[in-house]
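Taking it in order: structure first as structure tokens, then the write-up.
Each ligand, and each atom within it, is numbered from 1 in the order the structure gives.
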Amino acid sequence: MNIPLLDLKAQYQSMRSEILAAIEATCDEQGFILGPRVVALEQAVATYVGSAHAVGVASGSDALLLALMALGVKAGDEVVTVPFTFFATAGAISRLGAKPVFIDIRPDTFNMDPGLLERAMTGRTKAIIPVHLFGQCADMDAINEIARRRKVGVIEDACQAIGAGRNGRRAGVLGDLACFSFFPSKNLGGFGDAGMVTTNDQALAESIAMLRVHGSRVRYVHEAIGINSRLDALQAAVLLVKLKRLDQWAEGRRRNAARYVQLFAEAKLDRVTLPVLGAHNFHVFNQFTLRVQKRDELRNYLKENGVGTEVYYPLPLHLQNCYRDLGYVKGTFPQSERAAEEVFSIPIYAELTDEQLQYVVQTIAAFYRKH
Ligand SMILES: *Cc1c(COP(=O)(O)O)cnc(C)c1O
């Protein structure tokens, strides 16, 4: 059997004609930057997450950068985030000349540990970026309580978490601003790069819309130094088709996750720790991430037997070369470092068959019988 980590072709086949028709219509219009399709997608995403506003941008990375700019983060400021995430979370902070201040994650959900937040904050702290890693929300209640008291902004890095929820509300309305990525491998993926910022704050939404076109509201009049970060009409056309199916795909991922839990329990694999669901969370499983012993040997064995896996993420950000100057040493964030050594993700996409799920678990079980 051959089971890739993600099979986008299977998803595409299920809606090929509808997507091609939407692309053709956009080509016939010959309007490629922003425009009515982007506005339609912004409205559809705002309705989907329950936010008052949504602003389309060029990528999830730019969504983070623009959200920080809208909050006024500048050189010398500090922004607290986690080191166990994709690089863009911290990269956006650094690109503004601000300093990422890392705090460790919780070992169960892999998300920001709010118990460590307050002692990492100083008079220079301007914002906090919790990451909803793997499709599960961070503990936003605790984070927001501290942020409100200390009067700093909260930006959700919801790039892996469109459709995820907490206490009945969706990612996208759980902080001051939220950032989404439509990179192809995300739960809602375009045919290239795209992103979105959502917020309930009209002034912040207007600020993002201004900053994404070089800081102008009126053409050739620039009131701030912004960037060029617009969402393409072609991406919006594809994403509008896919958004209608997003909940159905999330249900498929959740059904597969529940089946894995059942299969792993039956296999009695005590050296495999399954994803932990945080209280009040609705998990959409952008990744199904295991914590295991002998991770790298197990991954090789799975590869030899046709099962695709990936490590998200093998090197925490505080130990990256480009962040040497921040002065962090190994051992500073033990939970992030241990996660980087022990975790890996297995196929979870909606189109997987029960036979494929069984094969993945059987192959892992066979490995541990040998080792
Ligand atoms: C994918 C991702 C990003 C960046 O999104 P791009 O669209 O690839 O720029 C940022 N943060 C997290 C946690 C991500 O998973």
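- Atom 7 (O) of ligand 1 has S181 OG, 2.6 Å as its closest protein atom, hydrogens excluded (heavy atom only).
- Side chains of R150 and T125: a donor-acceptor N/O pair is absent below 3.5 angstrom, by distance only.
- Remark: ligand 1 and D193 share no N or O pair separated by less than 3.5 Å (distance only, no angle test).
- Looking at H132, Q160, M196 and measuring to atom 15 (O) of ligand 1, the nearest heavy atom belongs to Q160.
- Residue T85 places no N or O, backbone or side chain, under 3.5 Å from any N or O of ligand 1.
- Using cut-offs of 30° and 60° on the angle between ring planes, the pair H318 and F333 is perpendicular.
- Residues R166 and N281 bring a donor and an acceptor atom of their side chains to less than 3.5 Å of each other.
- Residue V131 has at least one heavy-atom neighbour below 4.0 Å for each of these atoms of ligand 1: 13 (C).
- Short contacts between ligand 1 and F86, defined as distances under 4.0 Å to a heavy atom of the residue, involve ligand atoms 2 (C), 3 (C), 4 (C), 10 (C), 12 (C), 14 (C).
- Note: no N/O pair closer than 3.5 Å links F182 and ligand 1 by distance alone.
- Inspection of the T363 and N305 side chains reveals no N or O donor paired with an N or O acceptor under 3.5 Å.
- Protein heavy atom closest to atom 9 (O) of ligand 1, with residue, atom name and distance, is S61 OG, 2.5 Å.
- Inspection of the T122 and E78 side chains reveals an N or O donor paired with an N or O acceptor under 3.5 Å.
- By the 30° and 60° cut-offs, the orientation of the rings of Y328 relative to F102 is tilted.
- Side chains of N111 and D139: no donor on one and acceptor on the other come within 3.5 Å.
- Closest protein heavy atom to atom 1 (C) of ligand 1: K186 NZ, 1.5 Å.
- Protein heavy atom closest to atom 11 (N) of ligand 1, with residue, atom name and distance, is D157 OD2, 2.8 Å.
- Remark: minimum distance from atom 10 (C) of ligand 1 to any protein heavy atom is reached at C159 SG, 3.5 Å.
- At under 3.5 Å, not a single nitrogen or oxygen of D62, backbone or side chain, sits near a nitrogen or oxygen of ligand 1.
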Test salt bridge (Lys or Arg N to Asp or Glu O under 4.0 Å) on R271 and E342; report intermediate values, then the result. CA-CA 11 Å; R271 284 186 288 178; E342 294 180 349; over 6 Å; no
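- Heavy-atom contacts of A88 reach the following atoms of ligand 1: 4 (C), 10 (C) (cutoff under 4.0 Å).
- Using modelled atom types, one finds a donor on one side chain and an acceptor on the other under 3.5 Å when comparing R299 with T309.
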